[in-house]
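Sequence positions, counted from 1, serve as the residue numbers for this chain. Atoms within each ligand, like the ligands themselves, are counted from 1 in listed order.
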Amino acid sequence: MNVLIIGSGGREHALAWKIAQSPRVRHVFVAPGNAGTAADAENIEIPESDFVGLIRFAKETQVGLTVVGPEAPLAAGIVDAFEKEGLRIFGPNKAAAELEASKVFCKDLLRSADVPTADYHTFRDPARAVRFLQEREDVPMVVKADGLAAGKGVIVCDHREQALEAVNQIAREKVFGDAGNRVIVEERLHGQEASVLAITDGRTIVTLQPAQDHKPAYDGDTGPNTGGMGAYSPTPLVDDKTLHWIEEHVLVPTVHALKRMRRPFRGVLYAGLMITNQGPKVLEYNARFGDPECQPLVMRLKTDLVDVLDAAARGELDQIAPLEWDPRPAVCVVMASEGYPGKYAKGHPIRGLEEAAKLPDVKVFHAGTAVKDNQVVTSGGRVLGVTALGDSIPKAKLAAYTAVKKIRWDGAWCRKDISDKAMR
Ligand code: AMP
Ligand code: GLY
């Protein structure tokens, strides 16, 4: 069959690379894609927001399965639009994607399903949020905008003054627009973060191997927040016993609660967790594969991903055999543009991609890249996800950074400590 992947980042390149290996697949299209997906699949110049154009393309090209990468089209109802036309698509519909699109919806669901999460209060009126903060003792808090804010709507605060300013920014200044119509003030949790992703058809849950992201820009988890500067899998933070506990106490009750609310969730359920002294607690849910977690995960997955995604989209995930994984860990190092996550320039030619590609057990996934005058150039903040397998986490790390060293462009940088958190 033909497969259409929606999106243009490192996650979508990883999905395209993996899906293209399926013996069931004739052709992989990526809309709109990047320079990496142009090499491993075929790019289609249709933006991810143009549902009419995407549906027309899927019909004309006999696409048998569409896979949605990013959250914005899911929240806007791309799955509903495709299904209305009788087209098979992998991802949650609009009602289920609210789990990511509305943090208030997510928190209320977690509370009602008795899933461990930080204590919280939600406010429509900023004055009430301010009063709440002033009446409580001055403890570290987290202030969140309800809606999607490109990963920036969360402000972690040490003191009351910061929390008050965060409420002001989100709910009064509306720096994230309507995403700030409601605001959440929650208890600040402490611990290490881990990502546990599962594929579900709304009934059966297939849990993927645990991964860990690195969200702060600089080494030692310092600096501004980013989309993720690197990831590795598996992470020793979540051993088999903990993973089982998370399935039982987090994933299963969440999927059941959504089903009870008549919003059955089909797609990737991504739990962002804090591993606290009292056990794992949910920080947030995403309704899609993580980026960059997807890159090391697909590098390790041996099972045909198309079988799994297609079965989930059909509601037949119970027919799938247990997933097979490469036991070797994988480490993904994100190479970024100078200035990211702030302002950055685009259009720098990237050198050394061929040399890096020659290394064994290495795959360079593209994120913000484009082809210009027959050359691969930078076109985004996160540019590449250099991913490697190794017999141990330090060996996978060494292999990834050996590949990173082969690649150069003006202003290229990366964190030097991806996966070191596994060693502590
Ligand atoms: P989110 O978009 O909800 O994942 O939040 C982004 C980041 O903010 C998370 O990855 C955490 O590092 C941090 N964060 C969110 N909620 C909390 C919390 N309750 N306590 C501590 N850190 C948090
Ligand atoms: N890696 C974080 C995310 O995909 O949201």
Could a heavy atom of [X] be found less than 4.0 Å from some atom of ligand 2?
X    : answer
C294 : no
R288 : yes
G228 : no
G272 : no

_Distance under 6.0 Å and angle within 45° of ring axis: R111 vs Y120_ = yes

*Among E193, K144, E186, whose heavy atom sits nearest atom 11 (C) of ligand 1?*
E193

*Option of least heavy-atom distance to atom 14 (N) of ligand 1 (set: L273, T276, V156, I184)*: V156

*L189 to ligand 1: N or O pair under 3.5 Å?*
yes

_Using a plain distance cutoff, I'd like to know if E284 has any nitrogen or oxygen under 3.5 Å from a nitrogen or oxygen of ligand 1._
yes

*Interfacing atoms of ligand 2 (cut-off 4.0 Å, heavy-atom, N286)*: 5 (O)

*What atoms in ligand 2 come closer than 4.0 Å to a heavy atom of G290?*
4 (O)

*Aromatic ring pairing F123/F132, orientation class (parallel under 30°, perpendicular over 60°, tilted between)*: tilted

_Under-4.0 Å heavy-atom contact with ligand 1, by part of E187 that carries it_ = backbone

_Under 4.0 Å, heavy-atom basis, I'd like to know which part of R188 is in contact with ligand 1: side chain, backbone, both or neither._
both

